[in-house]
Amino acid sequence: MAAPAMSAAPASRATSRAAYAVAALALLTFLAVPLVGVSNNAIRLLLTTFLWVATSLAWNLLGGVTGQVSFGFAVFYGLGAYTAGLSINGGVNPYAAIAAGGAVAAFGSLLIGLPTFRLRGPYFAIATIGVNEAVRIVMSNLDITGGASGLRLQQTGRFSQVEHYYAALGVASLAFLVSWRVMHSPFGLALRAIREDQDAAADVGVHPFRLKLAVHALAACLTGMAGGAFAHYTAYIHPDGVFAFTTSTSILLMPVIGGLGTLSGPVIGAAVYSIVQEEMVVHFPQFHLLLYGALLILIMLFEPGGLAGLWRRLARGLRGRNAAGTGGGIAAQRQPAGGGS
Amino acid sequence: MKNTGIGVHGGSRPPAARPAIVSIIVLALTLLGPWGSGIEAAQGAGCPDAIRIGMVFPMTGREGRPGTYQVEGIRLAMELINAKGGVYVKECGKRLPFQEILYDDQSDQGRSVQLVERTMSSDNVVAVIGAYSSSLGQAQSVVPDRYQVPWISPGAGASPIYTQGRKWIFGVLAPVELLGYTTMKFLGSLVNQGKLEKGLKIAIVVENTDHGKEYVEGVNRWIKENPGAFQVVYNESFQMGGTDFSGILQRMKAANADIFLSDAHLQDYITMHRQYTQMGLHHRMVSYGARGTEEPARKALGPAADYIFAGIWWHKDLPYPQVKAFVQEHKKKYQREPDSYYPSTAYDAVRILAAAIESAGSLDRTAVRNGLRKARLTDSLLPGQVLQFQENGQAMTPFVIVQNKPGDKVDFVYPEDSRTGEVVTRIPR
């Protein structure tokens, strides 16, 4: 949505303003949705989408902006869910419990990050898979969490889907704001430098290890909060659900589909993922993974910039046509592809 | 690290890529169509053309086979009821056929919840029949009270599902605790008959779920009531869906028990007993809880599955006329006899739902829920022939004990009055 901080051209500032306006309008629209009599099913789909948006944006900070591909974000989602669940069962206010979920996930990310960020590239990715599986198995055998029987959350008061909807929207909005802030700060610039060349970044004074730990904690916190909101909503969580490897891959796939390293990409990816996935499961239960895989391959083959990249290309094409002969198209083509659109 | 390697930058695309990209957009938009659309449209005043029933079962994934069997049982019951014109609904003044709305949750808990919510919130169903397995049942059982839609599970037997004070959930399976208790009662009867010696050592290996815990509770309750009859020398749990049970089996071997009792789901039973056989383990008697007679297991394990005994909710050889009729209809529709309890409880779930709707005389969900509370199916397929729900929504039918015999044969061995063959208390080596 917003142009990268490095390009301070007036045109980019105008684009940013337009993007903020779109974001604000989207937020107002989503705030109004439950008030205009939208179906329960649509509310449920939006609620799920918001939670995926939060995790997708969070993963993007580490994977898209910093270039560290983690297959272990289900750990943070699960830690957040279990922390919130146990806290709620202990009588803590649900929203404080969700925040606690974020805090515990952030702490967990430090424990995981300290050894794994010593590794680079595929070694880091493989290590995160191992951590994910190890945590899932431990959680399946811990009595305090209910083990493999799962954890039932005590429900007090009447269930209100709208209340959960707003909680999920809040978490997604927070993830969006944090992502926006990071991507438009010197911190975000340093993270991009690490993504492009970690050694070169270190040579110019960036401390890759510390910054990776910091962004990992930030992303884990947001993911943990999403997990906490999910637990509060479903009232029953299970290690094979929240800590599942498929949860990790889902979290990773959404920004890939939408567009890595951008702000709008993970949001689009999460929206497409949650809705397309459910419709595919419903209409093509035997083939949905195949179809989903094919869709993913198509995106990666023909538009590695994801759906956000596709959008940029279409917009560029339209602008180029409108400004044919004026040079506008050339200017548009010079915009960096991986910026903070 | 240079970049993520997944493709951060778009780069230039060949012109040929454009149609593919447009195709992706069209596909996505097509799939986005049902989002918030009219699928939730109310049925409107008056009577519908059919009684819509949501069904959420695992038809693929780890629990795919039992889930599919349950769906087959439901479809058979619906087909037979519809063939007679359907269920009489008094307020409509006519019979209405059942109409299924089926979703496959792929044995995934998260998806199971998602689909139950979907069907309850958008498919305008009168009731939902769902969940094979206690773990999927745990997940689904949160939803019915929220949407106030009656939910019947033909395949979730763990009691904690039904002890949360929920008002809209019903379960056809008797509690797993009763399975453990009945298993011990059967073994105790063998001691009384002098077929087993007093004080034999028992090793217990169960899945680390509510199902497994409850089974052990049942075993322990009987042992507490009958001190000295048996002694438990080994009690351990395993991770469900495992691929290697050799460690736990090795430790069990060291315990030198006489009888091996396990509580496992079908896949785990097959995997564990294959490893048990490969390791050359041997006990006088072996049970895997409610598993043992299933055709896939007998095919996979061959003679190694002979003499395993099981406490089961139902068997096709139960001597009731309605069971014989069910088996015939099942064979007619699916070209095979039911090899396990799975389709029978699902079949009865539909029948008791039909009875509840008839007694309610309405498709109003609250009336149907109240009808289910009072319903009493007196020609049930299940042991005892009476199916009704307790205060907490769970049925309490007795278990019977069967034992595999060579040649794919199965004998009833407990209770005594239903015995069809002699119990083997020392498995031949």
Side-chain angles (χ1 to χ4, degrees), chain A residues 38-42 44-45 48 63-64 67-69 120-121 137 140-141 147-150 152 155 159 161 194-198 234-236 238 240-242 244 246-247 256 260-261 272 275-276 278-282 285-286 295 298-305 307 309-310 312-313 337-338, chain B residues 1-11 13 17-18 20-21 23-25 27-28 31-37 39-40 59-60 103-106 108-111 113-115 117-118 120-122 135 138-139 141-142 145-147 158 160 164 207-213 237 239-241:
Chain A
V38 173
S39 69
N40 280 343
N41 194 43
R44 178 187 63 80
L45 269 170
T48 312
Q68 308 299 307
V69 178
R120 288 195 191 188
I137 289 168
S140 296
N141 289 284
S149 297
R152 280 176 287 274
Q155 295 170 277
F159 170 73
Q161 194 183 38
I194 292 169
R195 177 185 72 194
E196 296 306 321
D197 190 326
Q198 185 168 314
T234 59
Y236 174 75
H238 191 277
D240 286 348
V242 289
T246 49
T247 304
V256 173
L260 284 167
V272 170
I275 298 156
V276 171
E278 179 162 315
E279 294 308 322
M280 281 190 175
V281 165
V282 167
Q286 316 288 338
L295 183 63
L298 282 173
I299 288 174
M300 289 169 75
L301 273 180
F302 297 113
E303 190 49 81
L307 294 174
L310 175 66
R312 272 198 306 275
R313 277 156 52 78
Chain B
M1 192 160 155
K2 191 77 182 161
N3 64 32
T4 62
I6 296 178
V8 174
H9 301 291
R13 286 307 137 251
R18 309 243 160 154
I21 292 163
S23 309
I24 292 166
I25 297 174
L27 175 65
L31 290 164
L32 281 168
W35 161 289
S37 66
I39 50 180
E40 202 186 4
M59 299 189 70
T60 52
Y103 296 112
D104 172 13
D105 66 23
Q106 300 168 334
D108 179 294
Q109 287 182 326
R111 196 153 289 148
V113 176
Q114 185 184 349
L115 293 171
E117 282 205 84
R118 182 186 170 108
M120 287 187 175
S121 67
S122 68
S135 56
Q138 294 267 22
S141 65
V142 174
D145 279 45
R146 290 180 173 179
Y147 291 94
Q164 308 297 311
E207 61 181 45
N208 61 352
T209 60
D210 278 343
H211 201 287
K213 284 175 194 164
S237 58
Q239 183 78 28
M240 203 174 160

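Proteins get letters first, then strands, A, B, ... in listed order; numbering begins at 1 in each. Both backbone and side-chain heavy atoms feed into the values below; hydrogens, waters and symmetry mates do not. Being a predicted model, the structure only gives us computed values, none of them experimental.
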Colleague: Look at A/Gly147, A/Ala244, A/Ala235 and state which one has the largest set of heavy-atom pairs under 4.5 Å with chain B.
Modeller: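 Most pairs with chain B among the choices: A/Ala235.
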Colleague: Between B/Gln138 and chain A, which part of the residue has a heavy atom less than 4.5 Å away: side chain, backbone, both or neither?
Modeller: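 Both parts, backbone and side chain.
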Colleague: Determine, step by step, whether B/Arg111 and A/Thr246 satisfy the side chain to side chain contact (heavy atoms under 4.5 Å, CB included) criterion, reporting the C-alpha distance in whole Å, the side-chain angles of both residues, the deciding distance to 0.1 Å, and the verdict.
Modeller: CA-CA 12 Å; B/Arg111 196 153 289 148; A/Thr246 49; over 6 Å; no
Colleague: Name the region of B/Gln114, side chain, backbone, both or neither, that has any atom closer than 4.5 Å to a heavy atom of chain A.
Modeller: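 For B/Gln114, the contact with chain A is made by backbone and side chain together.
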Colleague: Name the region of B/Glu207, side chain, backbone, both or neither, that has any atom closer than 4.5 Å to a heavy atom of chain A.
Modeller: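 For B/Glu207, no heavy atom lies under 4.5 Å from chain A.
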Colleague: With no hydrogens and no angle check, is any side-chain donor or acceptor of B/Asn208 less than 3.5 Å from a backbone partner on A/Asn141?
Modeller: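 Such a contact is absent between B/Asn208 side chain and A/Asn141 backbone.
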Colleague: So what's closer than 4.5 Å to chain A heavy atoms on B/Glu117: side chain, backbone, both or neither?
Modeller: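 When you check distances to chain A, atoms from both the backbone and side chain of B/Glu117 fall under 4.5 Å.
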Colleague: Of all the heavy-atom pairs spanning B/Leu115 and A/Val281, show the shortest one and how long it is.
Modeller: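 Scanning both residues completely, I find the closest heavy atoms to be CD1-CG1, 4.2 Å.
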Colleague: Relative to chain B, which segment of A/Glu278 carries a heavy atom at a distance below 4.5 Å: side chain, backbone, both, or neither?
Modeller: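 Both backbone and side chain.
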Colleague: Between A/Asn40 and B/Tyr147, does the side chain to side chain contact (heavy atoms under 4.5 Å, CB included) criterion hold? Intermediate values first, please.
Modeller: CA-CA 10 Å; A/Asn40 280 343; B/Tyr147 291 94; 4.2 Å; yes
Colleague: If you measure from CE on B/Met120 to CG on A/Asn41, what distance do you get to the nearest 0.5 Å?
Modeller: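 It is 13.0 Å, given to the nearest 0.5 Å.
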